[in-house]
Number of protein chains: 2
Amino acid sequence: MTDRPIPPRRPMTLRDVSEASGVSEMTVSRVLRNRGDVSQTTRERVLEAAKDLGYVPNKIAGALASSRVNLVAVIIPSLSNMVFPDVLGGITEVLDETHLQPVVGVTNYRPEREEKVIYEMLSWRPSGIIIAGIEHNDACRKMLTAADVPVVEIMDVDGDPVDSVVGISQRRAGRTMAEAILKQGFEQIGFLGTQMPLDHRARKRFEGFTETLARRGMEVADQEFYAGGSALKKGREMTETILGRNPDLDFLWYSNDMIGAGGLLWCLEQGIDIPGRLGLAGFNGTELLDGLPRKLATMDAGRRETGREAAKIIAGRADGTLTEPKRVEIEPTVAFGDTLRRYKP
Amino acid sequence: MTDRPIPPRRPMTLRDVSEASGVSEMTVSRVLRNRGDVSQTTRERVLEAAKDLGYVPNKIAGALASSRVNLVAVIIPSLSNMVFPDVLGGITEVLDETHLQPVVGVTNYRPEREEKVIYEMLSWRPSGIIIAGIEHNDACRKMLTAADVPVVEIMDVDGDPVDSVVGISQRRAGRTMAEAILKQGFEQIGFLGTQMPLDHRARKRFEGFTETLARRGMEVADQEFYAGGSALKKGREMTETILGRNPDLDFLWYSNDMIGAGGLLWCLEQGIDIPGRLGLAGFNGTELLDGLPRKLATMDAGRRETGREAAKIIAGRADGTLTEPKRVEIEPTVAFGDTLRRYKP
DNA sequence: CTGAAAGCGCTAACAT
DNA sequence: ATGTTAGCGCTTTCAG
């Protein structure tokens, strides 16, 4: 056995497949992209050679040459929020039918991270951007506009979108919830939410809520906020605190289902009559609520549908089917569950 | 005002910044990458021009020229599982200190999707791959090996890793849990889990569990599986079913905390003495459990730490600090909570 | 400290 | 149906 020096391992290229199959690089490229007419024989020969070598095309080179990138940037504030995985599910569902691929970036609700993530994503020249929220700082807006890429802002339609927008009106959601609560005759309403000045969606919801109360000459009787920790536990604690401070409250609205669930559990343990003595509602329409002792009222924000619609817009833009910015407002629906309806219908 | 035809909008390049700043493309490139010596004056001039134009470098071209990509592919089965966002948190925490960027791909526990995601990710020539699980089909293993990229398989160390591996031994976790349960004198043990032949980690855990029982001449008295739907609700239903069928059970082990929580809630409603009459335990050490009426026993799988260690390995490989494959076994710990300890310590 | 030339691995646009 | 040529926008390398 001769002892020839091993040449340094060079990354594999089209050329290797070309040589292995005895076909020009161009034809190999055609086969690998199912493009143009290639004879059945050549096609098979190439495919076999490629598979045999374990060849994976270099999309970096491909993208540079074709100025086409099949990536869709999805920028969201958090993964642990329950709602974002759902949106992502809707996006994936639609993109799976196309040649497009979602790529996720997380900002942790921090504007400076959002800026960095957008910059980073844009530097890969994606086919589209789906981004949570409609509030972005100037730098972000500038980048998104200048990039000349389809942009879909999601989960909030109250404001001035960069391009397309899909989601519920958070303000309207707040109003609708307030109306539902008032209609049931509740009057002393407490609000419990996250301490997040940067969660604009929660803020707008709250604004819509108070606005409707104000129109009837009412206001939120008490509020309580939390940050960090187990949302379920915080829900308990905040509920105990707010009711301790203000025993006359007859309704509690929670800014998300998880803290609402915590509150519900605590109230049941205390033997509080729900919803006779105290009504409760959460927000998001989380699946989780199905397993609680009593079904917490909530509001479905159409997360999955939001994801689907956003993805459809990007896909439409990518294949030229769609050329204009689009605005899709999703209708949020109140789920009364067992904790909001005081009077039997 | 003259009516000159607007030239077609061409994507912005280094050249535009070069012209705007009156400096060669090469120097602009140097400034933008903080590379080499550039005079303070030139640097500022370039930076201003770039910012002014809203220039975002084209990483595709950069990566092609330098064969350096700052992306780390993170491939996980699901986002709605609670555990993966935590791992991702650990990964991000470490990568944030570097120039590397995580990019997430989701497989939905489907091997054919895993294959596709790996292929797609590899085609972008990432600096590393972090992938959940150690079980991959031949095509996947072949790609991962051939790619000549640092690979870290996570969350399971029982098997033959492609390269590096970080996580708990799922089998050992099952054994440890069995020992803890037996030590408390429980004897009629039921198991409740997900109906997922492809969730190898759950399977191995179960195998370790039964193995330990077998060593004492015991076996799992009954089992129940579910697929899809609200885990909390399924936990309730399964618990009712299994206890209905087999009232003599004195312990239930759930393959995840969410169904465990459902079971716990149901049992408490039924007035079952926990853990006197019936012991319960989940798995994962989820934060969620903090808010339950009683604290469910569980096992912390060190998710965040797993993410951190995996990211450290990739970072080390990327900067040349680390050259050998590494194996990091994380120690899972039993959290007794209020539902496992029969006798006060 | 700055610039010029060559080329990364692929594909568009033409040949043939 | 297949091959040839000329870049894509950047970075590497080498010269000033």
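In what follows, every chain begins at residue 1, and chains take the letters A, B, ... in the order their sequences are listed. Just so it is clear, the model here is predicted, and its values are computed rather than measured.
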**Q.** Nucleotide C:dG7, atom P - distance to CG of A:N58 in whole Å
**A.** 18 Å

Q) In B/S/- notation, 5' to 3', how is nucleotides 11-16 of chain D contacted by protein heavy atoms closer than 4.0 Å? A) SBB---

Q) Just by modelled atom types, is the B:V23 backbone N or O under 3.5 Å from a matching donor or acceptor in the B:S18 side chain? A) yes

Q: Please check if any side-chain donor atom of A:R45 sits under 3.5 Å from a side-chain acceptor atom of A:T41, or the reverse.
A: no

Pairs of donor and acceptor atoms involving the side chains of residues 103-110 of chain B, under 3.5 Å and at least two apart or interchain, shall be tabulated with distances.
residue, atom, partner, partner atom, Å
B:T107, OG1, B:Y109, N, 3.3
B:Y109, OH, B:N81, ND2, 3.2
B:R110, NE, B:E112, OE2, 2.9

Q | Presence of B:T27 side-chain N/O under 4.0 Å of C:dT2 phosphate oxygens OP1/OP2 | A | no

**Q.** Closest-nucleotide ordering on DNA chain C, the 5'-leading residue of B:L64 and B:S24
**A.** B:S24

**Q.** Residues that A:R141 engages under side chain to side chain donor-acceptor pair (under 3.5 Å), provided they are two or more places apart
**A.** none

(Q) With a 4.0 Å limit, can you tell me whether A:Y55 has a side-chain N or O closer than that to the phosphate oxygens OP1/OP2 of C:dC10? (A) yes

Q | Ion pair B:D96/A:R113, N-O distance below 4.0 Å | A | yes

**Q.** Nucleic acid contacts - residues 38-45 of chain A versus DNA chain D, non-hydrogen atoms under 4.0 Å
**A.** A:V38, A:S39, A:T42

Q | Sidechain-backbone polar pair: B:E305 side chain, B:I330 backbone, donor-acceptor under 3.5 Å | A | no

Q: Report the residue from A:V328, A:V94, A:V152, A:I91 that forms a side-chain contact (heavy atoms from CB on, under 4.5 Å) with A:K312.
A: A:V94

Q: Note the angle between the end axes of the helix from C:dC1-D:dG16 to C:dT16-D:dA1, five pairs defining each, rounded to 10 degrees.
A: 30°

Q. Roughly how far, to the nearest 0.5 Å, is CG of B:L32 from CG of B:L47?
A. 7.0 Å

(Q) Closer than 4.0 angstrom, basic N to acidic O: yes or no for A:E135 and A:R201? (A) no

Q: Within residues 118-128 of chain A, find the residues that approach DNA chain C with a heavy atom at under 4.0 Å, and present them sorted by residue number.
A: none

